[in-house]
Every structure is written in C-alpha cells, then in structure tokens.
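Numbering starts at 1 and runs along the sequence shown. Scope of the values below: all heavy atoms of this structure, side chains included, with no hydrogens, waters or symmetry mates. One-based numbering, in listed order, for ligands and for the atoms of each.
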Amino acid sequence: MQALVVTPGAAATARLADVFEPRAAPGEVLLRPLEIGVCGTDAEICAGLFGSAPKGEGHLILGHELLAEVAADGGGFAAGDLVAATVRRSCRRCAACAAGFPDACLTGDYLERGITRLHGFASELACERPEHLVPIPRELGRLGVLAEPASVCARAIRHARSIGGRQPWEPARALVLGAGAVGMLATFFLRLEGLEVLTASREGAGSDKAELVGASGASYLPVSDLEESGDFDLVVEAAGSGELMARALGLLRRNGVACILGIDGHSGQVSVDRRTLGVDVVIGNRALFGSVNAARQDWARAVELLVEVGTRWPDAATRLVGLRVEPGRFQEAFDYTGVKATLRFA
Ligand code: BGC
C-alpha cells in the first residue's frame with residue numbers, strides 16, 4: 001500500500017512509498033484513513049529537524065492529524081464509524097503516563113504517532129488500539145480532521161482556566177497571536193465561550209484569514225499594528241515566534257494568563273522589558289505557561305466544540321480546511337499558507 005514516508009534527520013526526503021499493509025493485531029482496530037491534516041510539525045520533520053523512526057527502521061510514516069473510517073468491526077467500533085486518534089503514547093514509567101496523561105509525561109520518553117518512534121496514519125490502511133480512538137460524530141463529517149489541532153486548543157484553554165482560576169479571575173478579553181489552524185481554532189473556541197477576541201497575525205487586514213476571524217465575531221489586526229496595550233486577560237501564542245512569546249507578558253491585564261502553543265526552535269535571544277518582568281508580572285499576578293498535546297478529556301471537548309462551530313458558523317467552518325489534495329501532491333499541502341491543508345487518502 002502507499003504511504004507518505006520520510007527519513008527522519010535528513011532534509012527533503014518526504015516521498016510516497018510502497019510499504020507493507022498493516023495487519024490488525026488482536027484487539028486492534030483496522031482503519032481506512034480518509035484525510036490527514038498537515039502542520040508545522042510535519043514540515044519540521046520533512047526538513048530533517050524533528051521526528052524519529054520506529055526502532056530498527058529507517059523511515060517514518062507521517063501523519064498525526066487523522067480522520068479515518070473503521071474498516072472492520074472491532075473494539076466496540078463498527079465498520080464505517082468515523083474516528084480520530086490521539087497522538088501520544090505512554091512512556092510506561094512515569095506517574096503522569098500511569099494516570100492516563102501522557103500529554104504531561106514526566107520523562108519525555110513518550111512515543112507519538114507520525115512524529116516520535118511510531119508510524120503515523122498517512123497511509124491507505126492503519127491500525128490502532130480502541131482506547132486511542134476518538135469517535136467522530138457523522139454530523140461533523142470531514143471537519144473531524146481538525147480534531148487533533150482542536151484538542152491542542154482545548155487543552156490550552158482548560159489549563160489557562162485552571163491557572164487563571166487559582167485566584168479570582170474573570171476572563172473577558174483574549175488575544176490570539178497567529179491565524180494558522182491552532183490560532184484560528186482558538187479564536188473560534190474562545191468566541192464560543194463568550195470572550196471578546198482579538199486575533200493578530202502576519203496577513204493584511206483584507207486577507208482571507210482576517211475575514212475568517214471576523215466571521216467568528218472576533219476582530220483581526222495585522223500583528224505589525226499590535227501595541228503594548230496590556231489589555232488582555234488571556235493571550236494565546238500560536239504563531240511560533242519567540243519575540244511574540246516574550247511580548248505576551250506585557251500584553252496581559254492584572255491576573256492575566258499567557259499560553260504558548262507555538263514552537264520556535266531558532267537559536268538566539270529575545271528580550272523582555274525589565275519592568276514588565278520585574279514589576280508588572282509580579283504586581284499584576286500574571287502567569288505564562290506552555291502547553292502541548294492533549295488529554296482524553298480535551299479530545300472529547302474538542303469534538304464538542306467543533307460540532308458547535310459547525311452549527312453556529314457553518315460557512316466559516318467549511319472554509320477552515322482550504323486545500324485538500326491527493327497524497328502525491330503532499331508538497332502543495334506543505335507549502336499551503338491558509339489555515340489547514342489535508343491529504344485526501346479516500
Ligand atoms: C502535535 C502534538 C505533539 C507535538 C510535539 C504537535 O504538532 O499536535 O500532538 O505532541 O507536535 O511532537
């Protein structure tokens with residue numbers, strides 16, 4: 001069968017290859033991937049900067065943003081059911097993984113499908129254990145391919161609420177930095193939760209992304225126009241810019257919380273104003289935290305939120321995935337600058 005593979009650690013090796021068909025081991029569910037979303041992590045793996053192959057193998061099958069159809073009854077699922085799958089697997093030796101929270105793994109020795117030491121789902125068939133599958137309601141349809149990035153947002157919002165909630169806090173205004181899939185989904189989800197949202201990104205005020213942000217009732221601002229207003233209860237950094245991450249601290253109100261979701265692996269320094277860090281963060285009880293991956297409860301919430309987005313903003317919801325290409329055209333998907341591109345397997 002065909003799969004999208006890379007040689008981890010080497011640049012520009014992504015290719016469609018013939019690989020062995022997986023056979024479902026006892027207890028596993030056989031899946032027919034329908035659509036696989038691509039993201040910045042996949043691009044980094046393709047650039048040879050991230051990712052690793054399963055032990056003893058030279059290649060890694062990509063794909064961690066899965067929407068699949070169950071191919072044969074099993075594990076409590078029926079043939080034809082739509083499912084997504086969680087990404088991270090337990091390191092088997094830490095308290096967080098033992099408690100069912102590999103998203104908070106304490107050793108860093110976790111595995112991740114399509115990223116770290118486990119093949120992903122960008123192939124014609126794949127297998128997974130039922131406990132790692134997430135049911136996708138029929139009404140969500142192809143939008144279910146956004147369940148993975150949505151779960152990352154759901155975790156971030158849950159953690160932000162819990163960190164902010166350590167003291168009296170009434171989040172009313174949020175700033176989202178970045179309008180890729182994670183920034184855009186965070187925008188829509190925070191709007192659903194009733195917050196006033198400003199989303200700032202690189203694109204101009206008349207861009208498609210600006211319009212999509214506007215469709216959710218949020219405001220859009222080219223990030224170059226962002227001022228140090230200190231006016232936000234919540235800042236979500238989803239642009240992957242170290243400079244913006246550092247600036248987030250200065251954009252918060254009293255008791256404000258900033259969450260970093262983007263990754264910036266570049267070397268170099270960013271600077272933070274001494275008074276922002278040494279006075280405002282302290283006197284204003286502000287917090288900055290990072291968040292990655294998602295727990296089972298975040299996946300459940302993500303699916304609920306996506307259904308709500310599809311119901312409340314049906315037109316905008318269909319525009320979130322702006323490019324769907326067959327697997328052989330993977331480069332177009334990687335080069336896409338809209339919100340989300342996917343590979344269509346079936
Ligand atoms: C994925 C996460 C994963 C992270 C680090 C992200 O692109 O969405 O599930 O944990 O990469 O590998």
Side-chain angles (χ1 to χ4, degrees), residues 4 6 8-9 14 35-54 60-67 83-91 94 96-97 100-122 126 128 132-134 144-159 178 180-186 189 236-241 245 259-265 289-303 305-306 320-321 330 333-334 336 339-343:
L4 180 61
V6 291
E35 226 170 291
I36 303 289
V38 301
C39 76
T41 301
D42 298 304
E44 285 205 354
I45 299 172
C46 290
L49 302 172
F50 196 56
S52 47
L60 171 74
I61 300 179
L62 282 176
H64 61 276
E65 298 186 6
L66 170 74
L67 174 68
V83 291
T86 62
V87 176
R88 196 175 277 193
R89 303 287 169 267
S90 167
C91 76
C94 85
C97 285
F101 292 92
D103 54 313
C105 176
L106 290 159
T107 63
D109 288 339
Y110 52 77
L111 301 102
E112 287 187 335
R113 291 211 64 163
I115 304 175
T116 311
R117 295 185 288 135
L118 282 180
H119 286 311
F121 301 104
E128 188 50 281
H132 301 311
L133 295 178
V134 178
V145 75
L146 294 175
E148 200 279 338
S151 72
V152 168
C153 294
R155 182 191 201 270
I157 294 171
R158 177 170 66 84
H159 279 246
V182 170
M184 193 64 78
L185 289 169
F189 293 172
V236 177
E237 201 284 342
S241 154
M245 295 167 190
C259 171
I260 302 179
L261 286 175
I263 302 259
D264 183 349
F289 76 102
S291 180
V292 71
N293 204 257
R296 281 303 305 209
Q297 69 205 92
D298 304 312
W299 281 85
R301 180 73 183 134
V303 171
L305 287 166
L306 283 174
L320 292 171
V321 178
F330 61 86
F334 285 125
Y336 184 64
V339 176
K340 176 61 69 185
T342 67
L343 305 175

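In plain terms, the two heavy atoms of Val182 and Pro149 that are nearest each other are CG2-CB, 4.3 Å. Taking each heavy atom of Leu60 and Gly114 in turn, the nearest pair found is CD2-O, 3.6 Å. Across Cys39 and Glu65, no two heavy atoms sit closer than the pair CB-OE2, 3.4 Å.
Distances below 4.0 Å separate heavy atoms of Cys39 from the following atoms of ligand 1: 7 (O). Close approach of ligand 1 to Val292 (heavy-atom distance below 4.0 Å) involves ligand atoms 4 (C), 10 (O). Ligand-side atoms of ligand 1 in range of Arg88: 10 (O), range being under 4.0 angstrom from any heavy atom. Set against the non-hydrogen atoms of Phe50, the atoms of ligand 1 under 4.0 Å away are 12 (O).
Screening Val38, Ile36, Val6, Leu343 for a side chain to side chain contact (heavy atoms under 4.5 Å, CB included) with Leu62, the sole residue that qualifies is Val6.
Side-chain atoms of His64 and Asp42, non-hydrogen and from C-beta on, do get closer than 4.5 Å to each other.
Given atom 6 (C) of ligand 1, the protein heavy atom at minimum distance is Thr41 OG1, 3.4 Å. For atom 12 (O) of ligand 1, the closest heavy atom belonging to the protein is Glu112 OE1, 2.5 Å. Protein heavy atom closest to atom 8 (O) of ligand 1, with residue, atom name and distance, is Glu148 OE2, 2.8 Å.
A donor-acceptor pair is defined here as one N or O able to donate and one able to accept, closer than 3.5 Å; no such pair exists between the side chain of Arg89 and the backbone of Leu111.
When heavy-atom distances to ligand 1 are checked against a 4.0 Å cut-off, Glu65 has no atom that comes that close, whether in backbone or side chain. At a heavy-atom distance under 4.0 Å, no atom of Ala294 approaches ligand 1.
Heavy atoms of other residues, nucleotides or ligands lying less than 6.0 angstrom from CD1 of Ile263 number 12 at most.
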